[in-house]
Each structure stands twice: as structure tokens, then as C-alpha cells.
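Structure record follows, encoded as C-alpha cells.
Side chains included, hydrogens not; waters and symmetry mates left out as well; all remaining heavy atoms used.
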Amino acid sequence: MAKPDLYICHTAYQVMIDLLRTLRSGEKSALIISSTVPDAKTLAARLEALGCFFEIRVFDESQCSMPNIENPALMALLQHKLEKHEVERSGFSIYPPRYRTIYIHNDWSLLGRYLQDLGAHYTLCEDTFASTCWQRHPLLENQRAVPGFARRQSRGIGYLYWGDYRGVDAVETEDPSRCLIFKGKLVHDSKAALLHSLTEEEKTALCGVFITQALPQAVEGASILMTHSFVQDGTMSQTKQNALWIAVADHYHLEDGPFFIKPHPRDIFDYSQLFPDAIILERTMPSEVLNFALPFRFARAVTVQSTALAGFEAADEKISLTLPEAEALLG
């Protein structure tokens, strides 16, 4: 049996992308989901039901207590050994020779550091449509400006992130012609092209994993409200936030047809209390599922103080309100 690829994910979006890549490859791969993904175990169980992964593991980051040595020089020398021990003390391990290629989206994460502890080689995945295509990369620039950077990189001292680690074999990018930072390691991998080319089978798979309730059969005139986490961010009370969404829904007649609500990932309020007839989608579901995988379009999509609709293509009308514009509807 050929070695499988390994995908390491820290967000639901990353899980979605790596699920699609596995489906496209026609080969079963291995998947590690960090506990930073909300309800990671439940998501893993739904993925298991698809049968396209030969192995799915959830890594519980809460079981690891990272060492801290006050002497920076000593910490740099010992941190690989100390962190490796801490991860494996929790009962988790990765054996890199078992896999053909290891793919990770966030190499600044605990699991990214663990790969560096092991001296493993990996491919750094692009996390969004064009994250490597920016004109400036301040985090990388600052990292490379630290005295001794070249020595640390060549000798593997301490940790280097965002693709600077010496064991990074490739860095994925949406557009190699616009990426200025890793000319020798660039791999063209367009997430936009992937999502725009979904087959009906792939759409069904995504909906099966990320949408946990039955969708209505009649969706003509459907509206969707994409909320924001004002309460969790400390910018308003729950009472005011509730009044805001009721006012927005009333002003734009969102309840006149099938009414969907996609809560912000940090927004934990139960919207069935405000809108008992609405279809409340999973807050942890990537918005790309709505944008590319649903079998229908929305007549209207509304959000407040959010960029959620910037690249949204599944609505005939998109309304992005500023917070003052939404507050004006409160009267």
C-alpha cells in the first residue's frame, strides 16, 4: 500500500479544503484536527462517516503545558526537546516516515512546532484565497530581521514560522506570479479554482459534513443573516445585540421567505429564541459551504460590521451595513 498524505488542520475552513483535496485525489489520506476547531470530535465523527479518510485523529491541545525557561538562549537550545516531550506526554505523536507528504496550514501552531521538533519536512498550505500574494509580509519581515536568523535557519535552532523553517519543502500560493517571498519553493494551488469547480458529489459531501439539519425544499425568496460577535467582543450587551438583529430582520423583511441565520463563529447565542422559524446554520460551518456548495441561491444576504459578504457569490442582493447604519434602525 502506498503511503498516505497527512493533513493537519486548525480551522473548519482548513478541514473543508483538505476534505475536498482528498476527494479529488481518489486516495484515502490521514487527517489530524486540532482541538482549536470547535466541536472537533463531532466534526471528526461526521467525516468518518464519509469513509474517505483511512485515519482521523483529534489532537487535544489543552493537555499540553508548554515549557518556559527565562534564559532566552537556553530556551532556544532546549525548546525542541521540551515541547516534543510535552506533546508526547499527552499521549499524542506523529511518525513522519509513515506519510508521503505532510500538509499543514498553520506552522506557527503547536502541531507546527511539533513537526519542527521532529525535524519533519512538510508543505505549508495557503490558508485563504490569496494570503501569500500580499505586497508586504510584516511577520516574515520581522522574523528575518532578528539577529542570527540565517544561523538559526541553517542549524534548526528554535522555531521559524510562515514557511521559513528549513524543512519546508513547498509553499502553496494562489498566484505564483504575485508571490514574492518563496520563489524557490512555490507550488501553485488555487483554493478559489477548487471551490468554483465543485462537482455535485462534492457539494453533497460538504453539506453532509457541515450542515446538520434538513434544508427546506421550497427556497424561493430565501434570505440569510450573517451575524457578528458583538457580545463576545465586548462592544454591546446581549439585549442590544438581540434588538439589533430583530430590527435588521424587520427592516429588510428577512422573514418573508425562508430565513437562514449563519452565526459568527464566536457568536454563541441561540437564535431560535429570537427567530423560532429560522433555519439556524452551524456557527462553525465555513461560509464557503454557503457560497459554493448549496443547491440554491439566496435572494438577499445581510450582515453588519463584517466582511462576510465581500466574496459571497450565492446571493442576488448583498447588504453590508456599518454598525451606525444598523443602530439607526433601532429607532
Side-chain angles (χ1 to χ4, degrees), residues 5-25 29 34 36 100-109 111-113 115-116 120-146 149-150 152-154 159-199 202-203 206 226 265 286-293 301 303 305-315 318 320:
D5 291 327
L6 171 64
Y7 295 100
I8 300 175
C9 302
H10 294 83
T11 69
Y13 169 85
Q14 295 167 6
V15 172
M16 176 193 69
I17 291 295
D18 293 336
L19 167 59
L20 290 172
R21 286 151 63 119
T22 297
L23 291 172
R24 288 276 171 106
S25 74
S29 60
S34 168
T36 57
R100 178 173 54 191
T101 304
I102 297 175
Y103 295 91
I104 185 169
H105 295 256
N106 302 136
D107 68 351
W108 44 263
S109 64
L111 284 174
R113 295 198 301 273
L115 291 179
Q116 295 185 28
H121 284 241
Y122 57 81
T123 291
L124 182 63
C125 302
E126 185 169 49
D127 196 30
T128 62
F129 281 6
S131 61
T132 56
C133 299
W134 304 329
Q135 294 300 310
R136 292 287 307 279
H137 297 77
L139 293 174
L140 270 173
E141 291 168 0
N142 293 341
Q143 178 171 266
R144 294 173 180 183
V146 173
F149 165 75
R152 289 180 58 206
Q153 186 178 48
S154 65
Y159 298 111
L160 293 175
Y161 307 126
W162 311 294
D164 270 345
Y165 163 62
R166 63 180 181 173
V168 174
D169 293 328
V171 176
E172 295 178 352
T173 182
E174 185 76 17
D175 185 353
S177 68
R178 294 170 55 199
C179 184
L180 307 176
I181 54 176
F182 292 112
K183 290 297 185 183
K185 296 184 178 182
L186 290 179
V187 174
H188 181 214
D189 190 277
S190 173
K191 308 303 187 290
L194 173 66
L195 291 168
H196 279 99
S197 63
L198 294 182
T199 66
E202 290 166 345
K203 292 178 181 180
L206 289 185
M226 295 186 179
S287 61
E288 287 80 6
V289 175
L290 294 174
N291 205 359
F292 299 105
T303 192
Q305 201 76 6
S306 171
T307 60
L309 296 181
F312 197 70
E313 302 176 19
K318 299 191 298 182
S320 294

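In this structure, CG in Asp5 is found 9.0 Å from OG1 in Thr123, a value given to the nearest 0.5 Å. Atom CD of residue Glu202 and atom CE of residue Met16 lie 11.5 Å apart, to the nearest 0.5 angstrom. To the nearest 0.5 Å, atoms SG (Cys9) and CD1 (Ile104) are separated by 9.0 Å. Here Phe292 contributes atom CZ and Leu20 contributes atom CG; the two are 11.0 Å apart, rounded to the nearest 0.5 Å. For the atom pair CG of Leu309 and NZ of Lys318, the computed distance is 6.5 Å after rounding to the nearest 0.5 Å. In this structure, the separation between CZ on Arg178 and CH2 on Trp134 is 11.5 Å, given to the nearest 0.5 Å.
A donor and an acceptor atom, one from each side chain of His10 and Ser109, are located under 3.5 Å apart. Donor-acceptor pairing under 3.5 Å is lacking for the side chains of Thr199 and Arg24. If you check the side chains of His188 and Glu172, you find no donor sitting under 3.5 Å from an acceptor. Under the 3.5 Å distance criterion, with hydrogens and angles disregarded, a donor-acceptor pair is assigned to the side chains of Thr22 and Ser29. For the residue pair Asp107/Gln116, the side-chain donor-acceptor check at 3.5 Å is not satisfied.
Ion pairing between Glu141 and Arg136 holds under the 4.0 Å rule for side-chain N and carboxylate O. A salt bridge links Asp164 with Arg144: the distance from a Lys NZ or Arg NE/NH1/NH2 to an Asp or Glu carboxylate oxygen falls below 4.0 Å.
A heavy-atom distance below 4.5 Å is found between the side chains of Ile8 and Ile102. Tyr165 places none of its side-chain heavy atoms less than 4.5 Å from the side chain of Leu115.
Residues Gly163 and Phe182 come closest through the heavy atom pair O-CE2, 3.5 Å. The minimum heavy-atom distance between Gln14 and Asn106, with the atom names listed, is NE2-OD1, 2.9 Å. Nearest heavy atoms, Asp189 versus Glu174: O-OE1, 4.0 Å. Across all their heavy atoms, Asn291 and Gly311 have their closest contact at ND2-O, 2.9 Å. Between Ala293 and Lys203, the shortest heavy-atom distance links the atoms O-CB, 3.4 Å. In terms of heavy atoms, Leu186 sits closest to Cys179 at CD2-SG, 3.5 Å.
Side-chain atoms of Asp169 never come within 3.5 Å of backbone atoms of His121 as a donor-acceptor pair (strictly under, hydrogens ignored).
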Run the numbers on Gln143 and Trp162 for side-chain contact (heavy atoms from CB on, under 4.5 Å), then give the verdict. CA-CA 9 Å; Gln143 178 171 266; Trp162 311 294; 3.5 Å; yes

Dump the intermediate steps for side-chain contact (heavy atoms from CB on, under 4.5 Å) on Asp175 and Thr132, then the final yes or no. CA-CA 8 Å; Asp175 185 353; Thr132 56; over 6 Å; no

Trace of the side-chain contact (heavy atoms from CB on, under 4.5 Å) decision for Ile17 with Lys191: CA-CA 8 Å; Ile17 291 295; Lys191 308 303 187 290; 3.8 Å; yes

Report the C-alpha separation of Val171 and Ile181 in whole Å, then their side-chain angles, then the decisive distance to 0.1 Å, and conclude whether the side-chain contact (heavy atoms from CB on, under 4.5 Å) test is met. CA-CA 10 Å; Val171 176; Ile181 54 176; 5.8 Å; no

Please step through side chain to side chain donor-acceptor pair (under 3.5 Å) for the pair Glu126 and His105, ending with a clear verdict. CA-CA 6 Å; Glu126 185 169 49; His105 295 256; over 6 Å; no

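Qualifying ring-ring contact (aromatic ring centres under 6.0 Å, His included) partners for Tyr103, counting only residues two or more places apart in sequence or in other chains: Tyr7.
In this structure, Arg166 forms no cation-pi arrangement with Tyr161, as its terminal cationic atom is not both closer than 6.0 Å to the ring centre and no more than 45° off the ring axis.
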